[in-house]
Protein chains: 2
Amino acid sequence: MPSTDDILDVAAAVFAEMGYAGARVDEIAKAANVNKATLYYRIGDKDALYEAILKRMFAAKVANMEHMLKTFDDAEDRVRAFAAVLVDDEHPEHFSAIMLREIANGGRNLPDSILPFMSRLIGVLEQTLADGVAQGRFKPVNPFMIHMILVGACTLYATNGPIRRRVAKITAHDSWLNAELPISQVARAIAEMLLGGIRSS
Amino acid sequence: MPSTDDILDVAAAVFAEMGYAGARVDEIAKAANVNKATLYYRIGDKDALYEAILKRMFAAKVANMEHMLKTFDDAEDRVRAFAAVLVDDEHPEHFSAIMLREIANGGRNLPDSILPFMSRLIGVLEQTLADGVAQGRFKPVNPFMIHMILVGACTLYATNGPIRRRVAKITAHDSWLNAELPISQVARAIAEMLLGGIRSS
DNA sequence: GGGCATCTTTCAACCGTTCAGTTAAACCAA
DNA sequence: TTGGTTTAACTGAACGGTTGAAAGATGCCC
């Protein structure tokens, strides 16, 4: 019999792949090998299921991010690590796809209980950048803009594989589109490019 | 009596706000003040409606982008203009929200007929960057990565308003989140930061 | 212009399917 | 036997899509 955590794993995958509106409770129950009523008994309705997934996902991400702050002291290393943690899904967490959908959706299905996690995530970056500016390493920048660049570029790359491959197939000059770089490497490159843009020269 | 174009305007807004799976054909018909059967007679089913919107949207975006190439000669100006055109929705086109959803969705509802437009969009940036490198202005870079940064950061900012405001409300240290910068200004800042990262110093 | 036929456009009502959520019975361990 | 847990079957609402008949529009011959 699958544990509640197993069910959440399956549900996260379905929500990530299909979105909230596209996800089917029947499909989640079937894929998790539990009866739909069991799912309702153990977790609750579709909203509760979604909230449970988000909570688990964000709690892990925030914990990793705040641990990262303790691990690195150098401001540039922290920016690199921020990008790395952002795209690092330990169990397949599907963080990027779910975040992207939620933002495009205007947070219509985002429960209030998740907002503090998001606030702390931005807080980590805000502190990192402020420290860098205080040390004279970075130009003064809007941390929220940096957040958009990092999160946007990383999550977009993390999720655009299927479309990229289709576009590559019809593009004559396809050298770059076919690269298939691992997301960790892309996150690194994005962080590096960003650092080039904010370093006080 | 609303024209077919009027219907497409309304449908684009609904698809942008609710996503493909979340959009209701009945709702589109009602909001456009036409009977549902009229919509089916004039345009076709949900897929055809979605394809018509995407075609109109991408054709306009690609045309603007290729016109931009003729307007600007300087490589840096072209990168700035690329970002500006990306976020510029002349009629409220909802380009960003629909693109973001489509990517997060793995392009499941993206018809093949749209792929050439996407290819040309990337082509414009590829050419811009290649010219810049040839002129010794830019470091050699992966244009697709640049594309991810520009599209990711711009579209994310263009659509994250509702969530940003909710997070700002619960964040004590809210100075940056409350900025409410116009998207054109943000696109400019992102382009500028990016240029800082790729300029051959 | 008047009469008539043909094509286009509109509409309310309807159909089969799918969905989230419920029920009541069955199961099982203590 | 009791109380927590699981199940197949069910429900009512909502969905995408269809229909057939009525209302306009268009053209054409006299």
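Note that this is a predicted model, so its numbers are computed, not measured. In what follows, chains carry the letters A, B, and so on, assigned in the order in which the sequence lines appear, proteins first and then strands, with residues in each chain numbered from 1.
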In whole angstroms, how far is the [atom2] atom of [N] from the [atom1] atom of [X]?
{"X": "Asn33(B)", "N": "dT10(C)", "atom1": "CG", "atom2": "P", "value": "12 Å"}
{"X": "Met18(B)", "N": "dA14(D)", "atom1": "CE", "atom2": "C1'", "value": "13 Å"}
{"X": "Lys30(B)", "N": "dA12(C)", "atom1": "NZ", "atom2": "P", "value": "13 Å"}

So, the side chain of [X] versus the backbone of [Y]: is there a donor-acceptor pair under 3.5 Å, distance only?
{"X": "Arg101(A)", "Y": "Ala104(B)", "answer": "yes"}
{"X": "Asn35(A)", "Y": "Ala37(A)", "answer": "yes"}
{"X": "Arg166(A)", "Y": "Gly107(B)", "answer": "yes"}

Exercise for the section: Kindly indicate whether a cation-pi arrangement holds for Lys61(A) with Phe117(A), taking the cut-offs as under 6.0 Å to the six-membered ring centre and within 45° of the axis. Expected result: no
Please determine if a side-chain N or O atom of [X] lies less than 4.0 Å away from the OP1 or OP2 oxygen of [N].
{"X": "Arg42(A)", "N": "dG4(D)", "value": "no"}
{"X": "Tyr41(A)", "N": "dT6(D)", "value": "no"}
{"X": "Asn35(B)", "N": "dT9(C)", "value": "no"}
{"X": "Thr38(A)", "N": "dT5(D)", "value": "no"}

Handout entry: Asn142(B) CG to Met193(A) CE distance, which is reported to the nearest 0.5 Å
Key = 8.0 Å
Exercise for the section: Starting at CG of Asp77(A), measure out to CG of Leu195(A) and round the result to the nearest 0.5 Å. Expected result: 9.0 Å
Tabulate atom names and distances for all N/O pairs under 3.5 angstrom spanning the protein and nucleotides 23-30 of chain C.
none

Exercise for the section: Please report the C-alpha distance between Arg164(B) and Asn178(B) in whole Å, then the side-chain angles of each, then the deciding distance to 0.1 Å, and finally whether the side-chain contact (heavy atoms from CB on, under 4.5 Å) criterion is met. Expected result: CA-CA 8 Å; Arg164(B) 188 182 67 247; Asn178(B) 279 327; over 6 Å; no
Fill in the blank from the handout: Those residues at least two apart in sequence (or on a different chain) that pass side-chain contact (heavy atoms from CB on, under 4.5 Å) with Ala84(A) are none
Just the atom pairs and distances: protein N or O near nucleotides 17-21 of chain C's N or O, under 3.5 Å.
from	atom 1	to	atom 2	distance (Å)
dC19(C)	OP1	Arg24(A)	NE	3.0
dA20(C)	OP1	Ala23(A)	O	3.1
dA20(C)	OP1	Lys46(A)	NZ	3.2
dA20(C)	OP2	Val25(A)	N	3.1
dA20(C)	N7	Lys36(A)	NZ	3.0
dG21(C)	OP2	Tyr40(A)	OH	2.8
dG21(C)	OP2	Lys46(A)	N	3.1
dG21(C)	N7	Lys36(A)	NZ	2.7
dG21(C)	O6	Lys36(A)	NZ	2.8

